[in-house]
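We name chains A, B, ... by the order of the sequence lines, and we start the count at 1 in each one.
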There are 2 protein chains.
Amino acid sequence: MTAERETAEVLARTLRDAITRLNRRVRQARPVGDLTFSQLSALTSLQLAGALTPRELADVERVQPPTMTKIVGKLEDRGLVARTPHPTDRRQVILAPTEQGRTVYAQFERARNEWLAQQLANLSPDERSTLARAAEILQQVARA
Amino acid sequence: MTAERETAEVLARTLRDAITRLNRRVRQARPVGDLTFSQLSALTSLQLAGALTPRELADVERVQPPTMTKIVGKLEDRGLVARTPHPTDRRQVILAPTEQGRTVYAQFERARNEWLAQQLANLSPDERSTLARAAEILQQVARA
DNA sequence: TCACAGTAGTTAGCTTAGCTAATGATCCGC
DNA sequence: GCGGATCATTAGCTAAGCTAACTACTGTGA
């Protein structure tokens with residue numbers, strides 16, 4: 001095993017552990033409202049993309065299609081997402097946030113970030129810039 | 001709002017997004033074996049700490065006690081964790097990995113990290129050291 | 001043109017994870 | 001030694017995730 005590979009393995013362990021715990025922490029800070037983490041995440045992806053088919057959304061969220069069916073169903077029940085027929089392919093469906101969806105998203109997003117933002121504000125500028133660079137690298141890795 | 005606070009909010013959003021996606025990605029790479037992410041995480045905490053009470057383990061894992069009862073129950077069913085009475089307080093229980101638990105942990109841990117380690121090995125040394133520093137900061141934040 | 005293979009979405013049925021509320025057992029302070 | 005805290009568990013719920021199987025539709029090729 002190369003030294004590089006070994007370093008990568010140690011780092012993988014550390015990083016995974018940190019991410020697991022932080023993820024739980026952020027999840028826990030869920031506001032009293034009723035949108036769950038997965039629902040908010042899906043709504044966010046829709047918001048950012050404008051509109052997606054269920055399959056595309058499932059791919060973006062790295063989830064199997066049936067899972068996304070459920071999540072979207074919940075969002076639809078709440079009137080946050082609307083489905084319209086695909087213009088040419090009648091098998092497909094177009095999902096997009098409703099006006100209400102956009103509003104609710106903004107509110108939750110703010111509440112959602114509050115705890116984490118507070119923690120980050122307490123860090124040094126140097127630490128924050130390290131995290132900013134790390135976030136980009138992680139995005140890239142997750143996309144691979 | 002201070003500039004610092006604003007920076008923190010943007011960073012929070014980015015970071016949270018990256019972490020969510022990476023977490024799903026790693027979860028997805030779960031080996032065919034039968035230990036789930038939460039189970040492995042709990043086993044890991046026990047391994048690192050040596051022994052903990054259910055309450056302590058729940059705190060470490062940032063989970064409510066009943067949730068930990070279930071997870072520990074599964075690990076116990078598989079003979080990976082054993083419970084012994086607390087020496088002085090009969091309400092409490094001491095949880096520790098069994099010999100088999102330690103073995104299984106090591107195997108899974110290796111398989112678990114494989115995908116992530118591979119990704120990290122492909123990064124530049126500079127990127128890796130950024131992630132290493134970030135991991136420490138995140139650990140600290142998650143602990144807050 | 002039409003049979004058939006492939007694709008999109010959903011449904012069904014399962015396990016795991018997480019929560020709160022309530023219980024039972026124990027501890028400890030007064 | 002009584003009464004309030006604390007530890008663990010049970011019960012009962014919802015959400016998230018999976019695979020397998022189904023329906024509806026598309027598109028291709030004989």
Side-chain angles (χ1 to χ4, degrees), chain A residues 20-21 23-43 45-46 51-78 80-95 108, chain B residues 20-21 23-43 45-46 51-78 80-95 108:
Chain A
T20 304
R21 290 176 204 290
N23 207 48
R24 280 199 195 145
R25 196 69 162 81
V26 171
R27 247 172 210 270
Q28 209 176 27
R30 154 175 56 187
V32 285
D34 40 9
L35 269 201
T36 67
F37 203 59
S38 296
Q39 289 167 19
L40 181 57
S41 181
L43 186 56
S45 293
L46 274 184
L52 292 171
T53 67
R55 159 68 69 178
E56 289 168 337
L57 185 52
D59 287 347
V60 168
E61 294 288 307
R62 295 219 166 268
V63 142
Q64 293 303 307
T67 300
M68 193 43 72
T69 295
K70 275 195 205 171
I71 295 174
V72 167
K74 301 241 167 64
L75 291 173
E76 225 187 336
D77 289 347
R78 291 195 164 87
L80 305 179
V81 160
R83 66 178 69 216
T84 55
H86 190 283
T88 61
D89 187 339
R90 280 193 294 172
R91 287 171 304 180
Q92 295 188 50
V93 177
I94 304 292
L95 303 171
F108 272 86
Chain B
T20 304
R21 290 177 204 288
N23 206 48
R24 280 199 194 145
R25 196 69 162 81
V26 171
R27 247 171 210 270
Q28 210 175 27
R30 156 174 55 187
V32 285
D34 41 9
L35 269 200
T36 67
F37 203 59
S38 296
Q39 288 167 19
L40 181 57
S41 182
L43 186 55
S45 293
L46 275 183
L52 293 171
T53 67
R55 159 68 68 178
E56 288 167 337
L57 184 52
D59 286 347
V60 169
E61 294 289 307
R62 297 223 165 264
V63 142
Q64 294 303 307
T67 300
M68 192 44 72
T69 295
K70 274 194 205 172
I71 294 174
V72 167
K74 302 241 166 63
L75 291 174
E76 225 187 336
D77 289 347
R78 291 196 164 88
L80 305 179
V81 160
R83 66 179 69 217
T84 56
H86 190 282
T88 62
D89 187 339
R90 278 193 295 171
R91 287 171 306 178
Q92 296 188 49
V93 177
I94 305 290
L95 302 171
F108 272 85

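- Across all strands shown, A/P54 has heavy atoms under 4.0 Å from sugar-phosphate atoms exclusively, and none from any base.
- Considering only side-chain atoms of B/P65, the nucleotide from C/dG13, C/dG18, D/dT9 that sits closest is D/dT9.
- Rotation axes derived from the C1' atoms of the five outermost pairs at either end of the helix from C/dT1-D/dA30 to C/dC30-D/dG1 lie 10° apart, to the nearest 10°.
- Counting heavy atoms from C-beta outward, B/L95 and B/P54 have side chains that approach closer than 4.5 Å.
- Taking 4.5 Å as the limit, every side-chain heavy atom of B/V63 sits out of range of all side-chain heavy atoms of B/L57.
- Every salt bridge (charged side-chain N to carboxylate O under 4.0 Å, His left out) that B/E61 has, sequence neighbours left out, goes to A/R21, A/R24.
- When rounded to the nearest whole Å, the span between CZ of A/R78 and C1' of D/dT14 equals 11 Å.
- The CG-P distance, from B/D77 to D/dT9, rounds to 12 Å in whole Å.
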Please enumerate all protein N or O atoms sitting under 3.5 Å from an N or O of nucleotides 23-28 of chain D, with distances to 0.1 Å.
{"unit_1": "D/dT26", "atom_1": "OP1", "unit_2": "A/R90", "atom_2": "N", "d": "3.2"}

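- Evaluation of the salt bridge (charged side-chain N to carboxylate O under 4.0 Å, His left out) rule for B/R83 yields B/E76 as partners, not counting sequence neighbours.
- Within the 4.0 Å cut-off from OP1 or OP2 of C/dA17, not a single side-chain nitrogen or oxygen of B/T67 is found.
- If you measure from atom CD of A/Q64 to atom P of D/dA20, you get 11 Å, rounded to the nearest angstrom.
- Here C/dA17 is the nucleotide among C/dG9, C/dC14, C/dA17 with the atom lying nearest to any side-chain atom of B/Q39.
- Within the 4.0 angstrom heavy-atom criterion, base atoms lie near B/P66.
- Contact check, B/T69 against D/dA8: no side-chain N or O comes under 4.0 Å of OP1 or OP2.
- Residues meeting the salt bridge (charged side-chain N to carboxylate O under 4.0 Å, His left out) test with B/D59, sequence neighbours left out: none.
- Ranking D/dA16, C/dG18, C/dT20 by closeness to the A/I71 side chain, first place goes to D/dA16.
- Nucleotide D/dA16 holds its P atom 10 Å from the CE atom of A/M68, rounded to whole Å.
- When distances run from any side-chain atom of A/V93 to the nucleotides C/dG9, D/dA15, D/dG17, the shortest one goes to C/dG9.
- The salt bridge (charged side-chain N to carboxylate O under 4.0 Å, His left out) test applied to A/R55 returns no partner, not counting sequence neighbours.
- Which of D/dT10, C/dC19, D/dC7 sits closest to the side chain of B/K70 comes down to C/dC19.
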